[in-house]
Structure formats: C-alpha cells, structure tokens
Amino acid sequence: MSGLVVVYDGDCGICDKLRQMAVKRDRKQRLKFVPFQAADLNAISPGLTVEMTSRALYAVRQDGKRWHGAQAVFMSMRELPGVWKVIGAVGSLKPVSLIAEPFYRVV
C-alpha cells in the first residue's frame with residue numbers, strides 16, 4: 001500500500017468526523033485509518049505506544065517514517081486530491097506545522 005496509516009483516537013468525535021471527511025475524499029484509498037485502541041501499534045511503527053497515540057494523531061509511511069500532531073494532519077491531507085493536497089503540502093512544511101501545532105492541541 002502506498003500512502004499512510006493514520007492512527008487516531010477512535011473515541012474522539014472530532015477525530016472520527018474528520019476521518020469520515022477524509023475517507024470521502026480519498027478516491028485512491030491512500031489513507032488507512034486505524035483507531036489506536038484497536039491497533040497493533042508496534043507492527044505499524046516499532047516503538048509507537050498507546051501513551052503516544054492517546055495524545056496525538058500519528059501518520060506513518062510504509063517505510064516507517066512517522067509524524068504526529070498538526071504535521072500528521074497535514075501529511076495526511078497531502079494524500080488527498082485537489083485543494084486538500086495543496087493545503088497539506090504547505091501545512092506540512094516544518095515552520096507552518098510548528099505554528100499550527102498549538103491550534104491542533106486546542107482541538
């Protein structure tokens with residue numbers, strides 16, 4: 001599978017709504033969403049823990065590279081078509097994602 005495994009909080013209503021929106025737009029099925037509560041985290045990314053994933057969203061590439069928080073959101077958006085890909089590309093730049101991180105934490 002190309003794309004990303006997105007590890008999210010399956011008990012979070014906001015997280016689930018955003019997941020649903022992304023799935024609708026993900027025509028090429030490049031994102032695989034897995035709630036951390038039901039995931040084999042070590043198989044997804046060695047060293048990834050429940051403690052880590054209970055505090056932030058994680059996006060994990062097939063080669064094992066992973067991102068968390070706002071940067072994970074933007075990296076996931078890069079996998080979607082159209083304007084979402086553009087927003088994700090700009091947002092995933094380190095300075096932009098660092099600025100976005102406090103807003104991610106509020107949500």
Side-chain angles (χ1 to χ4, degrees):
M1 172 184 152
S2 59
L4 299 172
V5 174
V6 181
V7 183
Y8 72 102
D9 183 348
D11 293 333
C12 169
I14 294 170
C15 303
D16 193 55
K17 284 291 183 193
L18 293 172
R19 178 195 62 80
Q20 290 174 30
M21 289 172 47
V23 166
K24 284 182 187 177
R25 289 162 177 78
D26 187 14
R27 291 181 229 123
K28 293 185 179 179
Q29 298 179 343
R30 296 183 51 80
L31 299 173
K32 178 182 178 186
F33 289 89
V34 180
F36 80 84
Q37 294 91 338
D40 181 351
L41 298 173
N42 205 51
I44 292 169
S45 180
L48 192 61
T49 67
V50 169
E51 183 180 342
M52 293 162 67
T53 56
S54 69
R55 291 192 315 252
L57 177 89
Y58 275 79
V60 183
R61 201 166 55 194
Q62 192 172 20
D63 67 3
K65 176 119 173 97
R66 66 183 182 211
W67 300 269
H68 68 280
Q71 196 165 32
V73 172
F74 290 126
M75 292 303 292
S76 299
M77 290 173 73
R78 288 176 60 156
E79 300 296 323
L80 301 174
V83 69
W84 301 107
K85 183 178 195 87
V86 174
I87 293 168
V90 172
S92 64
L93 297 171
K94 195 70 166 177
V96 178
S97 63
L98 286 173
I99 291 167
E101 188 66 24
F103 298 100
Y104 169 84
R105 294 286 170 203
V106 169
V107 175

So, taking the atom named CD in Q71 and the one named OH in Y104, what distance separates them when rounded to the nearest 0.5 Å? 12.0 Å

In Å and rounded to the nearest 0.5 Å, what is the CG to CH2 distance from D26 to W84? 13.0 Å

Step by step, work out the side-chain contact (heavy atoms from CB on, under 4.5 Å) result for L80 and I87. CA-CA 10 Å; L80 301 174; I87 293 168; over 6 Å; no

Which residues share a salt bridge (Lys or Arg N to Asp or Glu O under 4.0 Å) with D11, sequence neighbours left out: none

Pairwise distance CZ(R25) to NZ(K85) - rounded to 0.5 angstrom: 15.5 Å

Measure across L41 and L48 and return the closest heavy-atom pair with its distance rounded to 0.1 Å. CB-O, 3.4 Å

So OG1 of T49 and CZ of F36: to nearest 0.5 Å the spacing works out to 10.0 Å

Considering residues at least two apart in sequence or located in another chain, which fulfil the ring pair (Phe, Tyr, Trp, His ring centres under 6.0 Å) criterion with Y8? none

What's the verdict on side-chain contact (heavy atoms from CB on, under 4.5 Å) for R66 and M52, showing C-alpha distance, side-chain angles and the deciding distance? CA-CA 12 Å; R66 66 183 182 211; M52 293 162 67; 3.6 Å; yes

Single-linkage hydrophobic cluster, 4.5 Å side-chain cutoff, V107 and L57 together: no

How close do G91 and F74 get, heavy atom to heavy atom, and via which atoms? O-CD1, 3.0 Å

Considering all heavy atoms, the nearest G47-N42 contact: N-OD1, 2.9 Å

Do the charged groups of K65 and D63 touch, with an N to O distance under 4.0 Å? no

With a 4.5 Å limit on heavy-atom distance, are the side chains of Q37 and D9 in contact? yes

What pairs with D40 under salt bridge (Lys or Arg N to Asp or Glu O under 4.0 Å), at least two apart in sequence or on another chain? none

Cluster overlap V83 with V73, hydrophobic side-chain contacts below 4.5 Å: yes

Can you name the nearest heavy-atom pair linking S97 to A70, along with the distance? O-CB, 3.9 Å

Evaluate the criterion side-chain contact (heavy atoms from CB on, under 4.5 Å) for residue pair K17 and Q20; output intermediate values, then yes/no. CA-CA 5 Å; K17 284 291 183 193; Q20 290 174 30; 4.2 Å; yes

Look at the side-chain heavy atoms of Ile, Leu, Val, Met, Phe, Trp and Tyr, link any pair under 4.5 Å apart, and say whether V50 and Y58 land in one connected group. yes

Same cluster or not: are L4 and V86 linked, directly or through other Ile, Leu, Val, Met, Phe, Trp or Tyr residues, by side-chain heavy atoms under 4.5 angstrom apart? no

Least distance between heavy atoms, G69 atom then A56 atom: N-CB, 3.9 Å

Tell me the closest heavy-atom pair linking A89 and R78, and the distance in Å. N-CG, 3.4 Å

Just verifying a value: how many Å separate H68 NE2 and E101 CD, rounded to the nearest 0.5 Å? 5.5 Å

Might you work through the side-chain contact (heavy atoms from CB on, under 4.5 Å) test for V23 and L31, ending with a clear yes or no? CA-CA 8 Å; V23 166; L31 299 173; over 6 Å; no

